[in-house]
Amino acid sequence: MRLPRIDEATLKTHHCGSLTTDQINLRVKLAGWVGRRRDHGGLIFIDLRDRSGLMQLVFDQQNGEELFALAESLRSEYVVAIEGDLVRRSDENINPSLPTGEIEVHVTKMEILNRSKTPPFYIEDDLNVDENLRLRYRYLDLRRPEMFNRLKLRHKAVKLVRDYMDSYDFLEVETPMLTRSTPEGARDFLVPSRVRPGSFYALPQSPQLFKQLLMVSGVERYFQIVRCFRDEDLRADRQPEFTQIDIETSFFGSENLFALIEGLMALLWKEIHGIELRLPFLRMPYREAMNRFGSDKPDLRFAMELVSIDHLAAKSDFKVFKSALEVGGAVKGLRVPGGGSMSRKDLDDLTLLARQLGAKGLAWTFVEDEGWRSPIAKFFSAELIADITEEMEALPGDVLLFVADRWATCCQVLGALRRHLAPQEMAKEPHFMWVVDFPLLHYDEEEQRFDSDHHPFTAPRVEDLELLESDPLAVRAQAYDLVLDGVEIGGGSTRIHDRETQGKIFKLLGLSTEESFDKFGFLLEALSYGAPPHGGLALGLDRLIALLVGDDSIRQVIPFPKTAAAACLMTGAPALVDEKQLDELKIMLTGDEGEEDEE
RNA sequence: GGAGCUGUGGUGUAGUUGGUUAACAUAUCGGCCUGUCAAGCCGAAGACCGCGGGUUCGAGUCCCGUCAGCUCCGCCA
């Protein structure tokens, strides 16, 4: 069977928005949805909308009563097919704000293909309605041009990615969606097995293990645009299912990987925004990012760097500063330019915020011509005040904020305040950076054991290998994150490719030999069959697209997203299932499920 | 698990220190209207204020609980 070309299709010869003055005097067939209707009595204008744009239809009573009566019955979102003559509008009737504003179609035939209930919200851009409604009627929301354009842009970006990766000989390989649960990382979504009752598959948090196994298979260059699942609480930039651009390479080296990704970002920004990115991207060690920006994903679009004032704070009489330093902590400050206009309440709110973030308190001072105006000023000599003011490059009219605590807490709290107090106006151009030299491990207080910072397959830096036994927390990983404007859009690492080192790491993480063999035996075994040196990364496609579009939430660029409670308001998922389904799976509910909707 | 914000005709909002007829815009329906493009003019219908409880002579307004959405912390890379 031949597929119909558009000019042979029965209902459409053209798309509404694709018509131009070049097609004037053509007889055209269009089909789409009724947008706005302007009824002048004997003359009716209809904005006909399809995915390409709008076309004004004109119905004149003098050209036949029957057709005109049909036009009078049109309502919002009716689906119609029309035939008519494309004509140039007379000069005074041109609408310059519409791409098709110079032309219109004088309709000679029309068929109403379907009627519509009055939609619950307007099908138009710059919509301001409850997100609840948009999600419940997502199919209507997606009819809005700005939402369709997001779908289009996402399609274009994904196509660019595929073509780019293909041009470097990367192979797109699919990996299972039904796999096994592994201990590390996020909470898994589980899928019960009917064939083996009591056993469960897990949906992949990422194809991490499979892509490493593909390296052992000799694929050498793998990528995949792949759905991943994590059963953790949601955020504006986190959905329970999300899409990654997953990449893994053998014999490639991290330098090449950086260049590859930088080239990909440059391509996307060039093709989508016409912006030439400056390459290579800035690289910053984790420690430096924390020290200067209080974040492992710094937003470099504005300055406001944190300042370490340990050496000066030690000279004060302020007990809070001194005691923090005595126990090996730190004192760091944040200068808020023009913060002098803040009220006492503003500062109280900031203090509260700092406490919620884990600080014991927040010290602050107004910087004035005469010195500091602050409850803590009395603990500082005039000389010391001058020194700190100078060290922080503060000017009269600024406010200085201080946190004295453990180093990590100082960084984290002031980093959050920095983001909170970010200026309204910041750099427009995208600020990409790599954060490198992450620690390999951190100590999980709750579990009382070491835990991987990235994941347990990350290779330690070779020169830090000997520290693995003596000082594990000091070991740096061959791991890196790609950060754009304060958002982590990707992360990866060079992997461990020998069985001994992998075994050592498992042991350090508290996985006994039997346990690690049970859970990761297939990987350990694979590593013992000639695994090549390999590494890769994964990019968060949803976040990437959201940043390209300029959206705050990835929900905007996901066609059918879930709410903060991980529910789909359109389908009602998750929902109760039939008793029979549970019986087949040998699953019995405990009765603690709480009140649920009738199903 | 925790904190904050929001919840009033279909939609978006207003509703003074609690006081009786819940206002406006827009959409909807009807009428008029031949060049509009957020069409215009006239008219009509439409909400017991998310839900439950309490305080009070009286609650959209105060209190408690609960549900939903959003944002953040924990969690998650």
Side-chain angles (χ1 to χ4, degrees), chain A residues 35-48 54-63 68 75-77 89-98 100-101 104 106 117-137 184-188 205-206 208 228-240 242 244 296-297 349 352-358 412-413 416 419-420 435 438 444 446 451-455 458 479-483 487-493 537-540 543 552-553 555 562-565 567 569 594-595 597:
Chain A
R36 289 191 180 273
R37 174 174 55 108
R38 294 174 292 280
D39 185 344
H40 288 235
L43 186 71
I44 297 174
F45 299 98
I46 298 285
D47 289 338
L48 186 69
L54 292 182
M55 175 56 62
Q56 173 161 281
L57 306 181
V58 184
F59 294 88
D60 194 323
Q61 192 162 23
Q62 292 178 343
N63 298 340
F68 194 78
R75 293 295 180 269
S76 287
E77 299 310 307
R89 300 193 194 182
S90 60
D91 289 348
E92 68 273 20
N93 289 329
I94 287 175
N95 182 352
S97 57
L98 206 65
T100 55
E104 62 191 12
H106 291 185
K117 300 209 302 193
T118 301
F121 51 81
Y122 312 113
I123 310 298
E124 61 187 25
D125 288 347
D126 301 316
L127 190 67
N128 173 31
V129 304
D130 195 46
E131 193 160 356
N132 236 316
L133 262 191
R134 293 179 53 200
L135 291 175
R136 177 162 297 129
Y137 299 96
E184 295 292 313
R187 194 177 292 116
D188 286 318
Q205 298 177 24
S206 83
Q208 181 61 37
C228 304
F229 305 86
R230 289 174 192 164
D231 188 8
E232 297 292 347
D233 287 345
L234 276 52
R235 290 285 189 283
D237 63 354
R238 261 160 43 189
Q239 284 275 303
F242 60 99
Q244 283 189 344
D296 61 356
K297 43 179 198 289
D349 289 345
L352 189 67
L353 186 61
R355 285 225 177 85
Q356 284 165 352
L357 292 165
Q412 193 194 325
V413 171
R419 249 171 295 146
H420 185 76
V435 177
F438 278 88
D444 187 328
E446 213 169 298
D451 196 13
S452 296
D453 222 61
H454 187 57
H455 57 54
T458 305
Y480 31 81
D481 277 357
L482 180 61
V483 173
V487 179
E488 181 205 323
I489 57 171
S493 62
L537 93 174
L539 300 167
R543 289 181 185 177
D552 292 330
S553 162
R555 265 176 276 118
K562 294 187 174 52
T563 68
L569 296 183
E595 298 297 310
D597 297 331

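All values below were derived from every heavy atom in this structure, side-chain atoms included, with hydrogens, water molecules and symmetry-related copies excluded. Source: prediction; values computed, not measured. The chains referred to below are lettered A, B, ... by the order of the sequence lines, with proteins before strands, and numbering in each begins at 1.
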Check every strand shown and say whether [X] touches a base, only sugar-phosphate, or nothing at a heavy-atom separation below 4.0 Å.
X	value
A:F45	base
A:A565	sugar-phosphate
A:Q56	base
A:Q208	nothing
A:R543	nothing
A:D60	base
A:N132	sugar-phosphate

Atom-pair distance ([atom1] on [X]; [atom2] on [N]), nearest Å:
X	N	atom1	atom2	answer
A:R187	B:G74	CZ	C1'	11 Å
A:D237	B:C72	CG	C1'	11 Å
A:R136	B:U11	CZ	P	10 Å
A:D130	B:C5	CG	C1'	13 Å
A:I44	B:U34	CD1	C1'	11 Å
A:R355	B:G2	CZ	P	22 Å
A:H40	B:G40	NE2	C1'	8 Å
A:L539	B:A77	CG	C1'	13 Å

> Below 3.5 Å, does any donor atom in the side chain of A:Y122 face an acceptor in the base of B:G10, or the other way round?
Replying inline: yes
>> Would the base of B:G4 count as contacting A:Q356 through its side chain, where contact means a donor and an acceptor less than 3.5 Å apart?
In response: no
Find out whether [X] and [Y] are in side-chain contact, i.e. whether some heavy atom of one side chain is under 4.5 Å from a heavy atom of the other.
X	Y	value
A:F242	A:R543	no
A:N63	A:F68	no
A:R230	A:R238	no
A:T118	A:R75	no

Any [X] side-chain N or O less than 4.0 Å from OP1/OP2 of [N]:
X	N	value
A:T118	B:U28	no
A:Q205	B:C76	no
A:R89	B:G35	no
A:R38	B:A39	yes
A:R238	B:C73	no

>> Is there a salt bridge (Lys or Arg N to Asp or Glu O under 4.0 Å) between A:R38 and A:D47? Walk through the geometry before answering.
In response: CA-CA 9 Å; A:R38 294 174 292 280; A:D47 289 338; 2.9 Å; yes
> RNA chain B: A:G101 or A:A564, which has the more 5' nearest nucleotide?
Replying inline: A:G101
>> Both A:R235 and A:A567 contact RNA chain B. Taking the nearest nucleotide for each, which residue is further toward the 5' end?
In response: A:A567
Strictly by Watson-Crick or wobble contacts shorter than 3.5 Å, is anything paired with [N], and which nucleotide is it?
N	result
B:A68	B:U6
B:A27	none
B:A39	none

Side chain of [X]: nearest nucleotide among [options]?
X	options	result
A:D453	B:C75, B:G69, B:A77	B:A77
A:L98	B:C37, B:G35, B:C29	B:C37
A:A236	B:U28, B:C37, B:C72	B:C72
A:N128	B:C37, B:G74, B:U13	B:U13
A:L357	B:C73, B:U36, B:G69	B:C73
A:D296	B:U34, B:C70, B:A77	B:A77
A:L133	B:G35, B:G69, B:U11	B:U11
A:S76	B:U36, B:U28, B:U11	B:U28

Between [M] and [N] - [atom1] atom distance, rounded Å:
N	M	atom1	result
B:G58	B:U17	C1'	16 Å
B:G43	B:U56	P	46 Å
B:C75	B:G2	P	16 Å
B:G53	B:A59	P	13 Å

>> So that I can tick it off, tell me whether A:E104 and A:R89 are bridged by a salt bridge, with the cut-off set at under 4.0 angstrom between side-chain N and carboxylate O.
In response: yes
>> Would A:Q239 and A:L234 count as a side-chain contact (heavy atoms from CB on, under 4.5 Å) here? Give the steps.
In response: CA-CA 6 Å; A:Q239 284 275 303; A:L234 276 52; 4.2 Å; yes
> Is there a side-chain contact (heavy atoms from CB on, under 4.5 Å) between A:V129 and A:R134 once you walk through the steps?
Replying inline: CA-CA 7 Å; A:V129 304; A:R134 293 179 53 200; 3.5 Å; yes
> Does the ring of A:H454 meet both stacking tests against the six-membered base ring of B:A77: centre distance under 5.5 Å and plane angle under 30°?
Replying inline: no
